[in-house]
> 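Provided herewith is a single structure, encoded as structure tokens, for subsequent inquiry.
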Amino acid sequence: MKPAHLLHSIRILVLLLSALPLSVATAAAQEVVCITCHGAMPGKYGEPVPLWKTSIHAENGVYCHECHGGDPKDAANAMKPERGFKGIPKETAIPETCGRCHVGVLKDYLGSPHGKRLGSGGPTCVTCHGNHAVKKASLELINEKSCTRCHPYERARLMKQAMQETEGEITVLDARIQGLKSHGKPTEEMEQGLFDARNRFHTLFHDVAVERLKSESSAIRKELQLIAAAIDALDQAEQKRKMAGVVAVGGVLLAALLFRLLAKSYHS
Ligand code: HEC
Ligand code: HEC
Ligand code: HEC
Ligand code: HEC
Ligand code: HEC
């Protein structure tokens, strides 16, 4: 190999080697250009980042571009419309933005008195859940402060009451099943039943139809009663087994005692 060629090869090698750690570093940064850039910005453009970091979305890898569009891997073109950037969703576009992933909720919402008033006084998803710091949903979201922004609390209170009772039953049954499970009891069927009932129960809210909520809750509670009966039966079988155990151990002890007494009287 001519010295010039050798030199050329070495230069290419050096270039390649020096580029290597750089390309690894940019690959990592490329994942999050929205976060890197916005995270360093003051005010309303920076605020979404720390809020989002506390969200269930951050926990599950749902990044900025899932709601705003854009290219999260290319800082120079991240917010180009050609890369799918949509900017801040308009109020009327929020439900479909979220509903791309929460399909069932979107359907219930659109059919509800809330969804029918989208853009004319009805709440959107972010009215109740917030936009960036979205947390795991619970009945805490139904509260006087949030629900009286537009109408009296009475109907909201009725919904919460009906849901809290069912929620309470589900929690109690879950704890009992976990107890039996930790003692090695066969609980698969009950667990499945409770899982299904809980899922159906948690789809009831977005219709905001108080009467339907009440009737469906009572159907779900009938199912919960069946599960409770199955747990009772397992519990009773367990009690009986324990009693039998106590009786058996007692019998053995008694026999041992008798034997010793006999042995003593025999030796004396
Ligand atoms: C290199 C820095 C930088 C990157 C990368 C970047 N942004 Fe921005 N972003 C800005 C600046 C600066 C503004 C405010 C001025 C403007 O609208 O251009 C902004 C504004 C926004 C707005 C508000 C737009 C409006 O209409 O007011 C949203 C939403 C947004 N960015 C989301 C994103 C998303 C999503 C990504 C990643 C796909 C991203 N940004 C990547 C710097 C950046
Ligand atoms: C789950 C969907 C979702 C995710 C994820 C999300 N945003 Fe947003 N963002 C929204 C919605 C919806 C709005 C409009 C807010 C409203 O109307 O209440 C918004 C508004 C904004 C605004 C405008 C704020 C203002 O006050 O004008 C910026 C900037 C922004 N988002 C940046 C980001 C950045 C950066 C990320 C990632 C760290 C991000 N968003 C992640 C849904 C999201
Ligand atoms: C790219 C898909 C995607 C988009 C868009 C999205 N989410 Fe989510 N969301 C998820 C995932 C994934 C989870 C975590 C797993 C789960 O609980 O379903 C989640 C969880 C949630 C939860 C908690 C659910 C629970 O079980 O308690 C709420 C509430 C929620 N999102 C609301 C919203 C709202 C409001 C928007 C729009 C501003 C939105 N999401 C946009 C994917 C998305
Ligand atoms: C009027 C307030 C309100 C509005 C509007 C609203 N939600 Fe909810 N959302 C709630 C409440 C309250 C719960 C908790 C219900 C429960 O615990 O059963 C909830 C639960 C959820 C859950 C978890 C439910 C599950 O199946 O586990 C998701 C996801 C969700 N909402 C997404 C959305 C999306 C997306 C929109 C818009 C299309 C939306 N919500 C609109 C109040 C609201
Ligand atoms: C942004 C305004 C707004 C907020 C916030 C809001 N609602 Fe509503 N709600 C409406 C509108 C508009 C209607 C339809 C007109 C009416 O019935 O008053 C409605 C109707 C209802 C109805 C009646 C449905 C029927 O068929 O009679 C219930 C129940 C309800 N909302 C529950 C809630 C609960 C629970 C919350 C809090 C988690 C809440 N709302 C928060 C605007 C709102």
Side-chain angles (χ1 to χ4, degrees), residues 29-102 108-109 111-135 137-164 204-214:
Q30 264 172 2
E31 295 297 320
V32 287
V33 295
C34 322
I35 292 168
T36 324
C37 191
H38 278 266
M41 283 163 77
K44 66 173 185 177
Y45 293 116
E47 271 157 18
V49 177
L51 290 174
W52 171 82
K53 281 187 175 156
T54 69
S55 71
I56 190 167
H57 287 139
E59 216 174 283
N60 285 275
V62 177
Y63 287 88
C64 320
H65 68 281
E66 298 283 6
C67 294
H68 293 291
D71 187 341
K73 295 188 172 147
D74 182 351
N77 300 300
M79 299 198 301
K80 293 255 165 76
E82 306 88 272
R83 298 287 174 92
F85 186 64
K86 294 179 292 207
I88 303 175
K90 284 201 292 287
E91 187 194 358
T92 48
I94 288 174
E96 61 190 71
T97 303
C98 310
R100 192 161 66 79
C101 303
H102 301 289
D108 290 344
Y109 165 85
S112 78
H114 282 161
K116 288 187 178 136
R117 294 282 298 270
L118 173 62
S120 60
T124 72
C125 320
V126 305
T127 315
C128 299
H129 293 287
N131 48 17
H132 296 120
V134 175
K135 297 282 156 50
S138 80
L139 299 181
E140 306 283 304
L141 289 169
I142 309 174
N143 59 70
E144 202 149 354
K145 187 160 173 260
S146 173
C147 306
T148 56
R149 281 176 283 179
C150 310
H151 49 61
Y153 190 58
E154 186 53 19
R155 289 173 304 184
R157 193 183 58 76
L158 287 174
M159 286 194 79
K160 185 167 185 173
Q161 199 178 358
M163 293 187 81
Q164 259 171 340
L204 293 180
F205 175 79
H206 294 98
D207 285 330
V208 290
V210 182
E211 285 315 313
R212 203 178 75 83
L213 172 73
K214 280 192 188 155

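Both counts, for ligands and for their atoms, begin at 1 and track the order of listing.
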> Please report which non-hydrogen protein atom sits nearest to atom 38 (C) of ligand 5, along with the residue it belongs to and the distance in Å to one decimal place.
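Result for atom 38 (C) of ligand 5: Cys147 SG, 2.7 Å.
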> What protein heavy atom is closest to atom 28 (C) of ligand 2, reported as residue, atom name and distance in Å?
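I find the closest protein heavy atom is Pro48 CG, 3.8 Å.
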> Among all protein heavy atoms in this structure, tell me which lies nearest to atom 25 (C) of ligand 2, with the distance rounded to 0.1 Å.
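Answer, as residue, atom name and distance: Lys44 CD, 4.0 Å.
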> Nearest to atom 32 (C) of ligand 1, what protein heavy atom do you find, and at what distance?
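Its nearest protein heavy-atom neighbour is Phe85 CE1, 3.5 Å.
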> Identify, by atom number and element, the atoms of ligand 2 in contact range of His57, meaning under 4.0 Å from any of its heavy atoms.
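Listed by number with element, the hits are 1 (C).
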> Checking a contact table here: which protein heavy atom is nearest atom 24 (C) of ligand 5, and how many Å away?
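Answer, as residue, atom name and distance: Val208 O, 3.1 Å.
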> If you take the nearest heavy atom of each of His151, Arg149, Met163, Arg157, which one is closest to atom 6 (C) of ligand 5?
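The residue whose heavy atom sits nearest atom 6 (C) of ligand 5 is His151.
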> Please could you name the atoms of ligand 2 that His132 approaches to less than 4.0 Å, counting only its heavy atoms?
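Listed by number with element: 6 (C), 7 (N), 8 (Fe), 9 (N), 10 (C), 19 (C), 20 (C), 21 (C), 30 (C), 31 (N), 33 (C), 39 (C), 40 (N), 41 (C), 43 (C).
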> In terms of residue, atom name and distance, what is the protein heavy atom nearest to atom 13 (C) of ligand 1?
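Heavy-atom neighbour on the protein nearest atom 13 (C) of ligand 1: Met41 CE, 3.7 Å.
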> Any non-hydrogen side-chain atom of Phe85 less than 4.5 Å from a side-chain atom of Lys80?
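Phe85 does not reach Lys80 side chain to side chain.
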> Report the part of Glu47 in contact with ligand 2, treating N, CA, C, O as backbone and CB onward as side chain, heavy atoms under 4.0 Å; options are side chain, backbone, both, neither.
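No part of Glu47 comes within reach of ligand 2.
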> With a cut-off of 4.0 Å, which atoms of ligand 5 are near a heavy atom of Cys150?
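Ligand 5 atoms under the 4.0 Å threshold to Cys150: 1 (C), 2 (C), 3 (C), 4 (C), 5 (C), 42 (C), 43 (C).
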> Could you find the nearest protein heavy atom to atom 7 (N) of ligand 1 and give me its residue, atom name and distance?
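For atom 7 (N) of ligand 1, the nearest protein heavy atom is His38 NE2, 2.9 Å.
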> From atom 8 (Fe) of ligand 5 out to just under 2.8 Å, does an N/O/S atom of His114 turn up?
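An N, O or S atom of His114 is closer than 2.8 Å to atom 8 (Fe) of ligand 5, so yes.
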> Among side-chain atoms of Ser146 and Arg149, is any donor-acceptor pair under 3.5 angstrom?
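A donor-acceptor contact under 3.5 Å links the two side chains.
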> Identify the heavy atoms of Thr92 and Gly119 that sit nearest to each other, and give their distance.
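Distance-wise, the nearest heavy atoms are CG2-CA, 4.0 Å.
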> Taking atom CG of Asp207 and atom CG of Asp108, what is their separation to the nearest 0.5 Å?
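That separation rounds to 4.5 Å.
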> I need the nearest protein heavy-atom contact for atom 36 (C) of ligand 2: residue, atom name and distance, please.
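Among all protein heavy atoms, the one nearest atom 36 (C) of ligand 2 is Cys64 SG, 2.9 Å.
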> Nearest protein heavy-atom contact for atom 37 (C) of ligand 1: which residue, which atom, what distance?
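Of the protein heavy atoms, Cys34 SG, 1.8 Å lies nearest.
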> Which residue supplies the protein heavy atom nearest to atom 3 (C) of ligand 2, what is that atom called, and how far is it?
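That would be Cys67 SG, 2.8 Å.
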> For atom 11 (C) of ligand 1, is some protein heavy-atom partner under 4.0 Å away?
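When distances to the protein are checked, atom 11 (C) of ligand 1 has a heavy atom within 4.0 Å.
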> Looking only at protein heavy atoms, which one is nearest to atom 18 (O) of ligand 2, and what is the separation?
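Minimum-distance protein heavy atom for atom 18 (O) of ligand 2 reads Asn131 ND2, 3.4 Å.
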> Which of the atoms in ligand 5, numbered in the order shown and given with their element, are less than 4.0 Å from a heavy-atom of Ser146?
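The list of qualifying atoms is 5 (C).
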> Indicate yes or no for a side-chain donor-acceptor contact from His65 to the backbone of Pro72 under 3.5 Å, with no hydrogens or angles considered.
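No; zero donor-acceptor contacts below 3.5 Å.
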> Atom 15 (C) of ligand 5: which protein heavy atom is closest, and how many Å away?
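Atom 15 (C) of ligand 5 sits closest to the protein heavy atom Arg117 NH1, 3.6 Å.
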> Measuring only between side-chain heavy atoms, which start at C-beta, is Leu158 closer than 4.5 Å to Val210?
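Yes, close enough: below the 4.5 Å cut-off.
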> Examine ligand 1 and decide if any of its atoms is less than 4.0 Å from a heavy atom belonging to Gly69.
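It does; at least one heavy atom falls under 4.0 Å.
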> Hey, is NZ on Lys135 packed in by over 12 heavy atoms from elsewhere, all under 6.0 Å?
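Yes, because the 6.0 Å sphere around NZ of Lys135 holds more than 12 heavy atoms from other groups.
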> Would you call Arg157 and Glu154 a salt bridge, taking side-chain N to carboxylate O under 4.0 Å as the test?
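Salt bridge: yes.
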> Do the side chains of Tyr109 and Pro95 get nearer than 4.5 Å, heavy atoms only?
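Yes, at least one pair of side-chain atoms sits under 4.5 Å.
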> Which option, Val32, Asn77, Ile35, Ile88, owns the non-hydrogen atom nearest atom 26 (O) of ligand 1?
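Comparing heavy atoms across Val32, Asn77, Ile35, Ile88, the nearest one to atom 26 (O) of ligand 1 lies in Ile88.
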> Which part of Ile94 is near ligand 2, with near meaning a heavy atom under 4.0 Å away: side chain, backbone, both or neither?
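Contact part for Ile94 vs ligand 2: side chain (C-beta onward).
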> With a heavy-atom distance limit of 4.0 Å, tell me whether Glu91 approaches ligand 2 through its side chain, its backbone, both, or neither.
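Contact part for Glu91 vs ligand 2: neither.
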> Going by the order shown, which atoms of ligand 2 are within less than 4.0 Å of some heavy atom of Tyr63?
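This gives 5 (C) as the contact atoms.
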> Do Glu91 and Thr124 have side chains that approach each other closer than 4.5 Å (heavy atoms only, starting at C-beta)?
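Answer yes - side chains close enough.
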> Quick check: does Met79 put an N/O/S atom under 2.8 Å from atom 8 (Fe) of ligand 1?
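Yes, within the cut-off.
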> Quick one: which of Asp74, Thr36, Val33 has a heavy atom closest to atom 5 (C) of ligand 1?
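Selected option, by shortest heavy-atom distance: Val33.
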> Please list, in number order, the atoms of ligand 5 under 4.0 Å from a heavy atom of Ala156.
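Under 4.0 Å from Ala156, ligand 5 has these atoms: 34 (C), 35 (C).
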> Please say whether Asp71 places an N or O atom under 3.5 Å from an N or O atom belonging to ligand 1.
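No.
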> Does any part of the side chain of Met41, heavy atoms only, come nearer than 4.5 Å to the side chain of Val49, both counted from C-beta?
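When only atoms from C-beta onward are counted, Met41 and Val49 do not touch, as no gap falls below 4.5 Å.
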> Distance check below 2.8 Å: does Cys37 bring an N, O or S atom to atom 8 (Fe) of ligand 1?
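Checking Cys37: none of its N, O or S atoms is under 2.8 Å.
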> In ligand 5, which numbered atoms sit nearer than 4.0 Å to a non-hydrogen atom of Leu141?
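Contacts of ligand 5 toward Leu141, numbered from 1: 38 (C).
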> Which heavy atom of the protein is the closest neighbour of atom 27 (O) of ligand 5, given with residue, atom name and distance?
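So the nearest neighbour among protein heavy atoms is Arg155 NH1, 3.4 Å.
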> For atom 29 (C) of ligand 1, grab the closest protein heavy atom and report residue, atom and distance to one decimal in Å.
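The closest heavy atom on the protein side is His68 ND1, 3.4 Å.
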> Among all protein heavy atoms in this structure, tell me which lies nearest to atom 17 (O) of ligand 1, with the distance rounded to 0.1 Å.
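Going by distance alone, atom 17 (O) of ligand 1 is nearest to Tyr45 OH, 4.6 Å.
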